[in-house]
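Worksheet: the structure to be examined is printed underneath.
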Amino acid sequence: MLKTLNELLLPFRSCFSRQATFEWFVVIVVGFMLRSDHLGVTSVIRDLSLSGRCYETLLHFFRSSAWSLPSLRQMWLQVVRRSAPLLVIQDRVVLVGDGMKEAKEGRRMPGVKKLHQESENVSKGEYIFGHLFGAIGILVGDSRKWFCLPLFMNLQDGIQTILGWKQTDAEPERPSHVVQMIEQGFEAAKGFGQALLLLDRYFLSVPALQRLQACHSGSEARMHLVTKAKSNVVAYERPPAKKPGRGRPPKKGESVKLKELFSTRAADFQTAIVPLYGKEETVEFLCLDLLWGQGWYQELRFVLVIHQGRYSILASTDLTLSATDIIRLYGYRFKIECTFREMKQVIGAFGYRFWSKSMPKLNRFLKKEEAHPLEAVQDEQDRRRIEQTIQAIEGFVMCQCIAMGLLQLIALRFSSRTPALFFRYLRTPSHAVVSEATVAAYLRKSIFRLFVQNPHLSITKIIKSKQNTSNIDEDSLAS
């Protein structure tokens, strides 16, 4: 197991300009995988038995100039492409995207803003102050179990003013959250050539389709969307043939309210057995190719689905996908919600506390017509410190994505070989592939025994060298 972990982490050496910084990266990722509490980087020090003097070095790592977030993301994509058992449909990998809101109360934490919660869960407040992340994952695994392995996450709202400090007047403003998700997914698709991106119904919009077409025009990579439409969606039939005479040809035909088709065309629905949520389910469906988007009129494949008495309308930009494939694919979209839950509860992926004195205090009652306090920051050193704090937040979450991905890869690779190895009491245990929490619990109990059994591994030397640290590593602190 440690040999596999060692092979997966060694390629990241090229992302760091200093050996010491790379070693601290390994310590942080391994610490995130097995720490028993989520109280910041102090939990890494406790569970790895590091010296208390390493605390300042661990904090400084996330603001270090010895590594860059884009290079770390690209290397993680390459590692996943080489090592992960990917789900491939028609020679295309399956990506999953979604937004995630994390409540934060830091008054001097950049990116914190008032966010609206659209969840139907009554335990969540309607409005919160926090960070809005955009996440892209990829489906990995086999028929026993599928994971949504996180590729990367970044802040997508509340930092427009900070990013504008480096932009010229000629550069466009930062796009919306929906458009950023399309750009983020397409960047991931470039690493795999062809991809399908699963999104929630919130992301089916004309700006998203326009941005997807613009991405295709400038790259050889191709990505199609599979998403869900709102219940009140209106589509259009193909335009009739142009009549002779003057006038422009029509762009659309008759409008179609898809919700009404569940009753008016009930006799046309077909029945099929589709794997959904780990079980074979019987569904009824009707597949139609219609134009959608006021003023855009792009042809989409709509699939009207009846499952256990519930009605759903799915949509795909790929007109070659069968209706059953679209239904099965959208059933996988919820895997990213499971990943969010595991990242929050198992490894504490969003337990960061980075802030800066250069950041103006958060004004909770700021009105729309009032200028943002960040616009008053003119000192270059203050701006640089705020930008480093943004880097620290996104770097922390990126390391957590790598840690979660490593737990998932270990679960897929070793569950079938040694099922008794991951013993952990569960009321409803999984006999096929264990969960990320089970792998983390096993590593937490046996990591040091595994190190003793594998003294030749470089990752062992890294951990042991940090355990024996009696003062702060000057080289890593300088980085």
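Here, residue 1 is the first one in the sequence, and each next residue gets the next number. From a predicted model like this one, the values you see are computed outputs, not experimental measurements.
- Classification of E183 and R211 as a salt-bridged pair holds, one side-chain N sitting under 4.0 Å from a carboxylate O.
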Please assess L132 against H177 for the test side chain to side chain contact (heavy atoms under 4.5 Å, CB included), listing each intermediate value before the final yes or no.
-> CA-CA 9 Å; L132 173 62; H177 171 53; 4.0 Å; yes

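- The ring pair (Phe, Tyr, Trp, His ring centres under 6.0 Å) check on F262 picks up F269, Y311, with sequence neighbours excluded.
- In this structure, the side chains of S14 and M75 come closer than 4.5 Å at one or more pairs of heavy atoms.
- Of all heavy-atom pairs spanning A135 and Q184, the tightest one is N-OE1, 4.1 Å.
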Which is it for M33 and L5 under the side chain to side chain contact (heavy atoms under 4.5 Å, CB included) test, yes or no, and what are the steps along the way?
-> CA-CA 11 Å; M33 292 172 63; L5 188 60; 4.0 Å; yes

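- Aromatic pair F350/H131: ring centres not closer than 6.0 Å.
- Ring pair W67/F22: centre-to-centre distance not below 6.0 Å.
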List the steps, then state whether side chain to side chain contact (heavy atoms under 4.5 Å, CB included) holds for T227 with L198.
-> CA-CA 6 Å; T227 182; L198 312 182; over 6 Å; no

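- The minimum heavy-atom distance between P175 and Q180, with the atom names listed, is O-NE2, 3.0 Å.
- Heavy-atom neighbours of Y202 OH from other residues, nucleotides or ligands within 6.0 Å: at or below the threshold of 12.
- Salt bridge annotation for E387-R384: absent, with no cationic side-chain nitrogen under 4.0 angstrom from a carboxylate oxygen.
- Considering F334, Y332, F340 in turn, F340 is the only one that fulfils the side chain to side chain contact (heavy atoms under 4.5 Å, CB included) rule with I336.
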For residues 297-304, which side-chain N or O atoms pair as donor and acceptor with protein atoms under 3.5 Å away, sequence neighbours left out?
unit_1 : atom_1 : unit_2 : atom_2 : d
Y297   : OH     : Q294   : NE2    : 3.2
Q298   : OE1    : W296   : NE1    : 2.8
E299   : OE2    : R238   : NE     : 3.2
E299   : OE2    : R238   : NH2    : 2.3
R301   : NE     : D289   : OD1    : 2.8
R301   : NH1    : L319   : O      : 2.9
R301   : NH1    : L321   : O      : 2.8
R301   : NH2    : D289   : OD2    : 3.0
R301   : NH2    : L319   : O      : 2.9

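- Side-chain atoms of H372 and T161 include no donor-acceptor pair closer than 3.5 Å.
- Cation-pi check for K114 over F365 is not met; the charged atom does not lie both under 6.0 angstrom from the ring centroid and within 45 degrees of its normal.
- Salt-bridge formation is detected for the pair R364/E105: a Lys NZ or Arg NE/NH1/NH2 atom is positioned less than 4.0 Å from an Asp or Glu carboxylate oxygen.
- A salt bridge between D157 and K113 is present, with a side-chain N of the basic residue lying under 4.0 Å from a carboxylate O of the acidic one.
- Legend: residues meeting ring pair (Phe, Tyr, Trp, His ring centres under 6.0 Å) with F147, ordered by chain and number and at least two apart, are absent.
- The minimum heavy-atom distance between L8 and S83, with the atom names listed, is CD2-OG, 3.4 Å.
- With hydrogens and angles left out, the side-chain atoms of S316 and D318 include no donor and acceptor closer than 3.5 Å.
- Between the side chains of Y330 and D325, no donor-acceptor pair of N or O atoms lies under 3.5 Å.
- No hydrogens or angles considered: nothing links the side chains of Q117 and E126 as a donor-acceptor pair under 3.5 Å.
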